[in-house]
Amino acid sequence: MVKFSIFASLIKAMSIALSEQEILRRESLQQLRELGINPYPAEAFNVTAFAQDIKDNFESNPDTYQNVVLAGRIMTRRIMGSASFAELQDSTGRLQVYLKRDDICPGEDKTLYNTVFKKLLDIGDYIGIKGYVFLTQTGEISVHVRELIILSKSLKPLPVVKRDEEGNIHDGFTDPELRYRQRYVDLTVNPEYKQIFIKRSKVISSMRDYFNTQGWIEVETPILQPVHGGAAARPFITHHNTLDMQLYLRIANELYLKRLIVAGFDGVYEFGKMFRNEGMDRTHNPEFTSVEIYVAYKDYIWMMAMVEACLEHVTRAVHGIPVVQVGENEINFEGPYTKLSMYDSILKYTGIDVSAMDEAALRKTCADLGIEIDDTMGKGKLIDEIFSAKVEANLIQPTYITDYPIEMTPLAKKHRSKDGLVERFELFVNGKEIANAYSELNDPIDQRQRLEEQLILAGRGDQEAMAMDDDFLRALEYGMPPTSGLGIGIDRLVMLMTNQHTIQEVLFFPQMRPEKKAKVVTTDDFVKIGVPAEWVPVLNKMGFNTVEELKAANPNKVFNDLGGMRKKLKLEITMPVKDVVMAWFV
RNA sequence: GAUUCCGUAGCUCAGCCGGUAGAGCAUAACACUUUUAAUGUUGGGGUCCUGGGUUCGAAUCCCAGCGGGAUCACCA
C-alpha cells in the first residue's frame, strides 16, 4: 500500500499497543464491512452435518451427503491460485473443505474468492459452508464448497499447531500458564483435551443416574454458612452487608445434608463446590467439587457395597469396561474391594502394631520412622501421619481402609465392637484417597462431647479443628435415624478416570494468580493536559502509561522521541509544535 | 510457605567466554485448479518479564521483585 487511507492510519494510531497481525485483522474487518459483509451477522446459521459424522459415514453412505451445511473455524489454509483447501473445525473435529473460485463466484465478480477468502479471512475465523462431500485424488474426504458465509471474524491470531501424517505435534501450544489462563485457546488448538471434560461430565451424570435410580433425591444446601462444619480445614471468610455478619464459604455440606435426613428424606445427595483456604498443588485447588450422599437406615458396611456398584457403573459409563489405565497401573473398579483396618494396614506395611499405643508411644514411633510431627497433634493425627507416610502410596487397586481412631473423626459413630474406633472407611485408589464414609453419629449427647473435644484441639492451636454447630446438635436432638454417609472428591475421581496427574487438567479454569494488569491507560487524563488524543497511544508505546510518568520525563527528549516514533511507525498524524509539547509539562 | 528451574516475535524455541537479535510455523506480497506439516521466491514483525547494579558496552553476569512449572510441607 503506497499510502494509508485515513481510516487505516486512524486504526494504526489507535492500535499501537496491538501486534502487527492484530492490526491487519482489524483492517480486514473494516474492509469486509466496506464490501457490505457483516463480520458478525445476527441470523441463526443452521447446520445439517458435522465433521466427525461425515468422516465416519460418508464412504458407506455417500448419497446422504450431497447437500450439507457445516459451520466452524478455519484452522489451516492451502491456497493454490484459483482453488484452495482449508480445514474447518467444528465441535466434533476437523474436515477438509475445497473451494474453487468459479464455484463460489459463478458470475463475473470474483471478489468473494479473490478478496474475501484469500485476503480478508484468517485462521480462527468462523465460517459457514454449503456444499457436497467428495473424495479428493489423494483419498481425503472433503466438502466441495458451493456457498461461503462469514459467521464471526477473529481478531487475535490463534497459535498454529502443526500435525504431520503420523499425528506428531510440531509447534504445540504447551505452556501450562497460557493453557490454563486461556482455556478457550487451549481447547481450540488442542481439541483432544476436550475429551477430559467430556469424560468429567460423564462421571458426574452417570453417578447422578445411579443415585436417582435408587430413588435418592438431589438437593442443594447453603454455600454461605454462618458456621463452617463437617470437615477439618481453614475456610474462606466473607461478609454479608445487610445482616452485617461474617459468613464462611462452605468447607463441607455434611451437616446440612444430615439435617435433611432428620427432616425425613431417606436418601439425599448433592454435587457441589467446596472451598478450602489452604495450599495449592497438583491435587489441590481452593475450590473443588465433591458429591456427598446420605442414606437412612444404612451403615458403613452397606455403603462399601454401594460404592463398589456405583464406581463400577461410572467406570463402565466412561470407558465401556470397569477397568481404567492410570499411568503404569491398570485399575479395576469391579467390586468387592480389599478391606483393611487402619491398624492392620500400618502393621502390614511397617510391621508395627500401633493399636494399643498411647500418645507418647505414638510420638516415639513417629520419631523412629522419621516422620515429622508437632505438639498440636493428638493421638488420631499421629496415627494418620504414620498412615500417610508409610501406607497410602501402596494402595493402588481400590482398597477400603476401615475403623479409624475416634480422635480424628468427630462425626462418625463409635464402632459397634472395637473400643476407641469409629465406623469409618476411606477408599484409596492409585495411592490417593477418593472417598470417605461413616456410619453417621446420631447420638446427640455423644456428638456434643466430640465437638467439645474439637474445641480443646482448637485451643491447642489446631486451626483445622471443627467448630461447634448448635443448630446441628438441636437437629440431632430431635432424632436422626441410623444413617450412612459418603463423600467423593469428584476432581480426583476424574483425574483417575482420565489418567491425568494434575488437578488443573481436569478443571476448566484452575485458580491462578491474577495476571499482571497493565496500568490503566486513561486517554482523558492526557487530553486534559493538552495532548491530542491520537498521540496518546504513541506516548503509551513510549512507556508513558500515566500523566505522572510523562511529567517525570525530560520534555526535550519526549519532543524528539515523538518525532522519531512518528517516522518509525509511519504515522500520518500532525506533529505537535514544540511549544505545545512543552506545555504538557507545566 | 521452602527448594529449584524457567520467562526472547502471535506460537514453539535457539542465542556460546558480555559486543546492541535468530530459526520454523504464523503473517504480508507474487506464482500456482486436488493440496494436506502444501510448495517456490521476496518482505515485515521484538519493552529479550519488571526494576536496580557491575561494565566503555548486558538478552547474557549479580541483586530484588512479578508470573509460571517441578519437588517438598499442609490439606481432599
Side-chain angles (χ1 to χ4, degrees), chain A residues 1 17-25 27-28 75-87 94 96-103 113 118-119 122-124 134-140 142 144 155-181 185 189 231-234 251-252 274-290 372 374 381 384-385 388 426 432-436 463-464 487-493 495 501-504 512-518 540-543 545 570:
Chain A
M1 226 183 299
L18 300 174
S19 70
E20 181 192 32
Q21 294 190 41
E22 290 174 291
I23 293 165
L24 285 166
R25 285 179 179 225
E27 287 170 359
S28 296
M75 296 307 282
T76 70
R77 289 192 303 169
R78 293 181 282 277
I79 296 172
M80 300 162 304
S82 55
S84 298
F85 289 94
E87 280 175 59
R94 286 190 188 188
Q96 179 168 272
V97 300
Y98 177 67
L99 293 98
K100 206 163 145 183
R101 183 186 62 201
D102 297 337
D103 284 354
Y113 182 80
K118 279 170 71 173
K119 307 282 186 199
D122 292 290
I123 287 174
F134 74 111
L135 223 47
T136 64
Q137 282 181 357
T138 52
E140 178 152 348
S142 307
H144 191 124
L155 295 182
K156 284 179 96 67
L158 286 171
V160 174
V161 177
K162 291 276 180 179
R163 290 173 174 80
D164 65 21
E165 281 175 20
E166 288 88 47
N168 300 312
I169 291 173
H170 291 273
D171 291 297
F173 179 67
T174 52
D175 181 336
E177 178 172 5
L178 289 175
R179 286 187 49 233
Y180 302 151
R181 286 194 195 277
V185 174
V189 303
R234 286 150 72 184
I251 57 173
M274 305 299 152
F275 306 85
R276 298 189 184 176
N277 205 342
E278 289 171 344
M280 293 163 57
D281 61 26
R282 65 165 212 278
T283 55
H284 297 85
N285 196 64
E287 59 182 279
F288 64 99
T289 302
S290 81
E372 271 185 49
D374 64 58
K381 192 104 179 175
D384 193 41
E385 290 293 318
S388 306
E426 289 190 322
K432 294 264 157 39
E433 183 210 329
I434 67 157
N436 181 20
Q463 289 187 291
E464 290 158 359
I488 296 178
I490 294 292
D491 307 294
R492 291 185 178 181
L493 181 60
M495 285 165 67
H501 75 289
T502 77
I503 198 169
Q504 293 167 310
M512 304 284 275
R513 282 201 165 78
E515 283 182 80
K516 195 168 47 179
K517 213 176 358 179
N540 295 153
K541 180 81 174 176
M542 286 160 63
N545 285 320
K570 301 189 183 83

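Throughout, protein chains are lettered first and strands after them, A, B, ... in sequence-line order, and every chain is numbered starting at 1. Just so you know, these numbers use all the heavy atoms, side chains as well, and skip hydrogens, waters and symmetry mates.
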For His144(A), the ring pair (Phe, Tyr, Trp, His ring centres under 6.0 Å) test, sequence neighbours excluded, returns Tyr98(A), Tyr132(A), Phe134(A)
Ranking rA76(B), rG69(B), rA38(B) by distance to the side chain of Met80(A), first place goes to rA38(B)
Report which part of the nucleic acid Asp103(A) touches: base, sugar-phosphate, or nothing (heavy-atom distance under 4.0 Å, all strands).
nothing
Side-chain contact check for Arg78(A): nearest option of rC25(B), rA76(B), rU35(B) is rU35(B)
Between Thr289(A) and Asp491(A) the two heavy atoms that sit nearest each other are N-OD2, 2.8 Å
Which part of the nucleic acid, if any, lies within contact of Thr502(A), taking any heavy atom under 4.0 Å across all strands shown: a base, the sugar-phosphate backbone alone, or nothing? sugar-phosphate
ask   = NA contact type, Gly489(A), heavy-atom cut-off 4.0 Å: base, sugar-phosphate, or nothing?
value = nothing
| Rounded distance in Å between the P positions of rC32(B) and rA37(B) | 23 Å
rA59(B) -> Watson-Crick or G-U wobble partner, both distances under 3.5 Å, gives none
Nearest heavy-atom contact between Arg282(A) and Met495(A) is O-CE, 3.9 Å
Phe85(A) CZ to rA37(B) P, in whole Å, measures 13 Å
Smallest heavy-atom separation, Ala233(A) atom then Glu278(A) atom, equals CA-OE2, 3.4 Å
Euclidean distance for P, rU35(B) against rU12(B) (whole angstrom): 32 Å
Distance between the P atoms of rG52(B) and rU60(B), in whole angstroms? 14 Å
When every non-hydrogen atom of Thr283(A) is compared with those of Lys432(A), the smallest separation belongs to CG2-CE, 4.3 Å
message: Between Arg77(A) (side chain only) and Ile123(A) (backbone N and O only), is there a donor and an acceptor less than 3.5 Å apart?
response: no
Re rU3(B): Watson-Crick or G-U wobble partner, both distances kept under 3.5 Å, found to be rA70(B)
Exercise. At under 4.0 Å between heavy atoms, what does Thr174(A) touch on the DNA or RNA strands: base, sugar-phosphate, or nothing?
Worked result: sugar-phosphate
So CZ of Arg163(A) and CD of Glu87(A): to nearest 0.5 Å the spacing works out to 9.5 Å
Reckon Glu177(A) touches a base, only the sugar-phosphate, or nothing at all at heavy-atom distances under 4.0 Å?
sugar-phosphate
Atom CD of Glu22(A) and atom C1' of rA26(B) are separated, to the nearest Å, by 13 Å
With rounding to the closest Å, how many angstrom separate the C1' atoms on rC25(B) and rG69(B)?
25 Å
If pairing means Watson-Crick or G-U wobble with both distances under 3.5 Å, then the partner of rA26(B) is none
Between CD1 of Ile79(A) and C1' of rA38(B) the distance, given in whole Å, is 11 Å
Practice prompt. Just call it for Asn436(A): base, sugar-phosphate, or nothing, with non-hydrogen atoms closer than 4.0 Å on any strand.
Written response: nothing
When you compare the protein's N or O atoms with those of nucleotides 28-30 of chain B, which come within less than 3.5 Å of each other, and at what distance?
from, atom 1, to, atom 2, distance (Å)
rC30(B), OP2, Lys119(A), NZ, 2.6

Out of rA76(B), rU35(B), rG67(B), minimum distance to the side chain of Phe288(A) belongs to rA76(B)
Any strand, both distances under 3.5 Å, Watson-Crick or G-U wobble: rA14(B) pairs with none
Quiz prompt | Same-atom distance (C1') from rU3(B) to rC16(B), integer angstrom | solution = 29 Å
Give one of base, sugar-phosphate or nothing for Glu287(A), where a contact means two heavy atoms less than 4.0 Å apart.
nothing
Which of rA70(B), rU35(B), rC25(B) is nearest the side chain of Lys162(A)? It is rC25(B)
| request: Using the C1' atoms only, state how far rC13(B) lies from rA29(B), rounded to an integer number of Å. | output: 27 Å
Atom CD of Gln96(A) and atom P of rA37(B) are separated, to the nearest Å, by 10 Å
message: I'd like to know if Glu140(A) reaches the base of rU34(B) with its side chain such that a donor and an acceptor end up less than 3.5 angstrom apart.
response: no
Checking rU35(B), rG68(B), rA76(B) against the side chain of Arg513(A) (C-beta onward), the nearest is rG68(B)
Considering only heavy side-chain atoms of Arg492(A), the closest of rU35(B), rA76(B), rC11(B) is rA76(B)
Whichever of Phe134(A) and Glu385(A) has the more 5' nearest nucleotide on RNA chain B, that residue is Phe134(A)
Could you go through nucleotides 41-44 of chain B and list every protein N or O atom that sits under 3.5 Å from one of its N or O atoms, giving the distance for each pair?
from, atom 1, to, atom 2, distance (Å)
rG44(B), O2', Glu20(A), OE2, 3.2
rG44(B), N2, Glu20(A), OE1, 2.4
rG44(B), N3, Glu20(A), OE1, 3.3
rG44(B), N3, Glu20(A), OE2, 3.4

Out of rA26(B), rU33(B), rU12(B), minimum distance to the side chain of Asp175(A) belongs to rU12(B)
Rounded to the nearest 0.5 Å, the CD atom of Gln504(A) sits from the CG atom of Asp281(A) at a distance of 9.0 Å
**Pairwise P distance, rC30(B) and rG67(B) [rounded to whole Å]** = 46 Å
In whole angstroms, the gap separating C1' of rG68(B) from CE of Met280(A) amounts to 11 Å
5'-most contact on RNA chain B (nearest-nucleotide basis), Ala233(A) vs Arg25(A), goes to Arg25(A)
Which of rG69(B), rG67(B), rA76(B) is nearest the side chain of Arg276(A)? It is rA76(B)
Given the 90°-from-0 boundary between syn and anti, rC48(B) should be labelled anti
Glu278(A) atom CD is separated from rC72(B) atom C1', nearest whole Å, by 17 Å
Winner on side-chain proximity to Ile123(A), out of rU27(B), rU35(B), rU33(B), is rU27(B)
Leu178(A) CG to rC13(B) P, in whole Å, measures 11 Å
- Task: Between rG18(B) and rC56(B), how far apart are the P atoms? Round to whole Å, please.
- Result: 15 Å
chi for rU34(B) classified (syn = within 90 degrees of 0, anti otherwise) as anti
### Query
Using a cut-off of 4.0 Å on non-hydrogen atoms, how would the nucleic acid contact of Arg181(A) be classed: base, sugar-phosphate, or nothing?
sugar-phosphate
Checking rU27(B), rU33(B), rC13(B) against the side chain of Lys100(A) (C-beta onward), the nearest is rU33(B)
note: Asp102(A), atom CG; rC32(B), atom P; distance rounded to Å ~ 14 Å
task: Tell whether Thr136(A) reaches the base of rU35(B) with its side chain through a donor-acceptor pair below 3.5 angstrom.
output: yes
_Need one value for Arg234(A): base, sugar-phosphate or nothing, where a base atom within 4.0 Å counts as base even if backbone is also close, heavy atoms only._
nothing
For rU35(B), the nucleotide meeting Watson-Crick or G-U wobble distances (both under 3.5 Å) is none
In short, Lys118(A) meets Gly81(A) closest at the heavy-atom pair NZ-O, 3.5 Å
